[in-house]
Amino acid sequence: MCLFCKIVNKEIPSNIILEDEEFLAFHDINPKAPLHILAIPKIHVDSFNEADGDLMGKMSTFIQRIASEVDIDKSGYRVITNVGKNGGQEVQHLHFHVLGGAKLHWGHFSDADPQGHF
Ligand code: 5GP
Ligand code: ZN
C-alpha cells in the first residue's frame, strides 16, 4: 500500500484539514509556504495522467472548499500537481499541492534553456 493510501487509512498520522467520503486534505510534512496542504482522492490513482473528468470535477470543488476553510480563497493561492519523473513527483498517489498564506514566488523551474524546446 502506498504512503498516501496509508494516510487515508490512518495507518500513518496526518494533520487533517478537511475530509469527505472521497477526498482528504492534510498539511504537507515539509511545507514550502506558510500554508502547504495536500489534497488527495481516497482511492488510489497514480497521477494526474490517470485522473478522469469526473474525478477532476469533484477534486476542483474539494480544493475550493479547502481554500475557503483555511481562508485563502480571497488572498489567493496556487494549486500544483507534479506528474512523473520530470514533474518531480515523489509520491505515486495523485495529490494537489495547495500553497498560500503569503505572496508566492514564480519562476526558475528548470536549469534547461526555457526557449530550447521550440
Ligand atoms: P511530490 O513531490 O510527490 O509532488 O509531493 C509529495 C509531497 O508529500 C512532498 O511535498 C512531501 O513533503 C509530502 N510528504 C511526503 N511524505 C509525507 C508524509 O508522511 N506526511 C505528509 N503530511 N506529507 C508527506
Ligand atoms: Zn495510494
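Along the sequence shown, residues carry numbers from 1. Whatever order the structure lists them in is the order used to number ligands and atoms, beginning at 1.
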(message) Listing by chain and number, which protein N, O or S atoms are under 2.8 Å from the Zn ion (ligand 2)?
(response)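 Under 2.8 Å from the Zn ion (ligand 2) - ignoring waters, which are not counted - the protein N, O or S atoms are Cys2 SG, Cys5 SG, His44 ND1, His93 ND1.
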(message) Check for me whether the distance between the ring centres of His95 and His93 falls short of 6.0 Å.
(response)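 That pair fails the under 6.0 Å test.
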(request) Let me know which protein residues bring a heavy atom to under 4.0 Å of ligand 1; chain then number is fine for ordering. (result)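 Heavy-atom contacts below 4.0 Å: Leu3, Phe4, Ile7, Phe26, His27, Asp28, Ile29, Asn30, Leu38, Asn82, Gly88, Gln89, Glu90, Val91, His95, His97.
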For [Y], is there any backbone N or O sitting under 3.5 Å from a side-chain donor or acceptor partner on [X]?
{"X": "Gln89", "Y": "Asp46", "answer": "yes"}
{"X": "Asn9", "Y": "Glu11", "answer": "no"}
{"X": "Arg78", "Y": "His97", "answer": "no"}

(request) Report the distance from atom CE of Met59 to atom CG of Asp54, rounding to the nearest 0.5 Å. (result) 12.5 Å
(request) Grab the two heavy atoms, one from Ala33 and one from Leu104, that are nearest each other, plus how far apart they are. (result) CB-CD2, 3.9 Å
(request) Go through the steps for His36 and His27 under the test ring-ring contact (aromatic ring centres under 6.0 Å, His included), then give the verdict. (result) CA-CA 6 Å; His36 185 170; His27 288 280; 9.5 Å; no
(request) Could you check Leu55, Val8, Ile43 and say which one makes a side-chain contact (heavy atoms from CB on, under 4.5 Å) with Phe23? (result)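 In the set Leu55, Val8, Ile43, the residue that makes a side-chain contact (heavy atoms from CB on, under 4.5 Å) with Phe23 is Leu55.
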(request) Run through Glu21, Glu19, Glu22 and flag the one making a salt bridge (Lys or Arg N to Asp or Glu O under 4.0 Å) with Lys42. (result)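 Single pass found, and it is Glu19.
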